[in-house]
> 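First, the structure itself, so that you have it in front of you.
Quick note on labels: first sequence line is chain A, next is B, and so on, each numbered from 1.
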Number of protein chains: 2
Amino acid sequence: MNILIVEDDIDINNLLCRIVSKIGYNPQPAYSGTEAILQMERKSWDLFLLDLMLPGMSGEELLAMIRKKSDAGIIIISAKDERMTKVDMLRSGADDYITKPFDNEEVAARIEAQIRRLKKYRTPQVLTFKDIILNEETKQVTVNNIPVSLTAREYKLLRLFLTYPKKLFTKENIFAAVWESEYFDSANVVNVHMSNLRTKLAKANPDEEYIETIWGMGYRLKT
Amino acid sequence: MNILIVEDDIDINNLLCRIVSKIGYNPQPAYSGTEAILQMERKSWDLFLLDLMLPGMSGEELLAMIRKKSDAGIIIISAKDERMTKVDMLRSGADDYITKPFDNEEVAARIEAQIRRLKKYRTPQVLTFKDIILNEETKQVTVNNIPVSLTAREYKLLRLFLTYPKKLFTKENIFAAVWESEYFDSANVVNVHMSNLRTKLAKANPDEEYIETIWGMGYRLKT
DNA sequence: AGCATTTCTAAATTAATTCTTAAGAAAACC
DNA sequence: GGTTTTCTTAAGAATTAATTTAGAAATGCT
């Protein structure tokens with residue numbers, strides 16, 4: 001469990017790191033918003049402890065960026081005790097909020113509450129189905145031990161299916177998840193990308209069928 | 001989204017109900033721990049707002065019981081502002097904690113934060129009747145443990161019957177529900193699809209009858 | 001800017017479902 | 001018992017949905 005601690009005050013950051021270590025997780029300090037962004041690109045994080053007053057970038061901005069890119073837990077730690085900020089933070093995607101000065105034990109408990117929840121619904125770093133191996137960390141996909149190069153769309157499509165291997169996805173489902181947009185004018189976009197994905201998978205292993213079409217309903221992995 | 005509000009103070013309970021309604025969810029008051037237990041048996045809840053000081057049963061006990069039986073979200077609302085209690089609550093399975101006196105907007109935001117999380121990981125809906133199992137998420141149907149492949153129309157038909165297992169459906173009913181259209185020229189379309197559905201079910205289990213014809217009226221599941 | 005890659009659109013092709021028709025069977029009515 | 005109505009079922013026609021191809025538009029990269 002990797003926890004990124006975004007807090008510019010060195011002493012407080014150290015303290016938070018110690019708390020995190022003590023309960024058995026892996027802390028990494030970041031002392032500015034920009035440093036946090038760099039850390040996000042470097043590896044994937046399970047939980048963010050986020051100070052709101054940051055050099056380089058406001059905590060609010062950073063919060064929005066994290067939420068956009070990741071499903072990690074976010075705990076805000078801040079001296080701002082104003083009501084609207086608190087409410088706004090929760091609305092905008094933070095999972096919890098702690099005000100300074102904080103109590104060490106409370107911080108530990110809240111971190112564990114988040115981790116407990118995350119663990120439950122954890123998406124593993126490597127997704128597999130039949131002989132497909134999709135590595136979330138490296139974004140590499142192999143089929144039948146052959147590396148398959150997918151475009152971004154194809155990758156997201158495949159990942160969606162592998163994440164819920166039994167679920168039937170309607171084209172609307174797929175569009176909402178992969179395109180991250182509500183509107184959905186033409187089902188054909190989805191069709192085309194499904195076709196392309198299938199072609200690439202088939203090229204790597206012509207003897208196996210991975211995705212089945214359920215007429216009038218959508219697509220599902222073929223078990 | 002059904003939210004059970006467990007709080008003995010009538011005014012506070014009312015206030016919480018109003019907050020919940022306002023953000024578009026379905027509140028149900030319970031004024032004691034025992035009433036909450038009864039409500040839990042009566043139907044399934046998505047989220048609990050839980051006061052700690054309760055007649056009939058302590059909030060701590062109730063919390064443990066809820067967590068044992070359900071995956072619902074739990075938000076503690078309490079006047080006890082002692083540190084250890086707060087920490088304990090989070091450790092014992094609550095998802096969030098609000099202290100009285102609370103701010104209406106904050107309560108609303110915290111409820112929405114919980115709901116957002118719950119929605120994402122919803123457990124799949126499975127409908128059953130006799131040895132028919134219909135999985136809403138995978139759209140797979142098994143009869144007598146044999147997978148049955150249904151067309152989209154047949155699936156919707158079967159789901160309609162399983163959703164209201166005792167209801168008699170007229171052909172107009174069925175047409176309206178499955179075809180999602182008002183007009184209904186020929187009852188025979190319904191007949192034909194009912195026939196096809198029956199044939200497929202019978203193939204998987206020839207010894208059981210699932211749908212009975214009520215002459216001159218319509219169809220109903222055969223109990 | 002210019003090249004390469006990806007993504008989207010449009011249209012032709014193919015496939016599966018859905019509907020219509022019609023003939024025969026079962027139930028209700030007289 | 002015969003007649004009428006309602007339902008069942010089978011087969012083929014019509015319709016709708018999905019696949020695929022090719023090219024245009026957009027995006028990304030150097």
> In whole angstroms, how far is the C1' atom of dA22(D) from the CG atom of Asn196(A)?
12 Å
> So do Tyr97(A) and Arg110(B) actually touch side chain to side chain, heavy atoms under 4.5 Å?
yes
> Just how far, in rounded Å, is C1' of dT7(C) from CZ of Phe175(A)?
12 Å
> Tell me whether Glu137(B) is salt-bridged to Lys166(A), with the criterion being a basic N under 4.0 Å from an acidic carboxylate O.
no
> Quickly work out the Trp179(A) CH2 to dT9(C) C1' distance and round it to whole Å.
13 Å
> Mind running side-chain contact (heavy atoms from CB on, under 4.5 Å) on Leu160(A) and Tyr219(A) for me, showing each step along the way?
CA-CA 11 Å; Leu160(A) 177 65; Tyr219(A) 297 93; over 6 Å; no
> Tabulate protein N/O versus nucleotide N/O from nucleotides 11-16 of chain C, keeping only pairs under 3.5 Å, one per line.
from, atom 1, to, atom 2, distance (Å)
dA11(C), N6, Asn188(A), ND2, 3.3

> Any side-chain N or O of Ser195(B) less than 4.0 Å from the OP1 or OP2 oxygen of dC7(D)?
no
> Rounded to whole Å, how long is the line connecting atom NZ of Lys139(A) with atom P of dT6(C)?
17 Å
> Drop me the distance from Ile3(B)'s CD1 to Ile19(B)'s CD1, to the nearest 0.5 angstrom.
11.0 Å
> Rounded at 0.5 Å granularity, tell me how far CG in Asn104(A) sits from CG in Leu15(A).
5.0 Å
> Between P on dA28(C) and CD1 on Ile214(B), what's the gap in Å once rounded to a whole number?
10 Å
> Just how far, in rounded Å, is C1' of dA11(D) from CG of Asn191(B)?
17 Å
> Compare side-chain N and O positions of His193(A) against OP1 and OP2 of dT7(C) and report whether any pair is under 4.0 Å apart.
no
> So which of residues 152-174 of chain B are in contact with DNA chain D, with a heavy-atom cut-off of under 4.0 Å?
Lys171(B)
> For Met194(B) and dT8(D), give me the distance from atom CE to atom C1', rounded to whole Å.
12 Å
> Is the shortest side-chain heavy-atom distance between Phe102(A) and Leu16(A) below 4.5 Å?
yes
> Can you tell me the distance, in whole Å, between the CG atom of Leu197(B) and the P atom of dA10(D)?
15 Å
> Tell me whether Lys203(A) at atom NZ has more than 12 heavy atoms from other residues, nucleotides or ligands lying less than 6.0 Å away.
no
> Can you find a pair of side-chain heavy atoms, one from Lys167(B) and one from Phe161(B), that are under 4.5 Å apart?
no
> Can you confirm whether Ile10(A) is buried at CD1, in the sense that more than 12 heavy atoms of other residues, nucleotides or ligands lie under 6.0 Å from that atom?
no
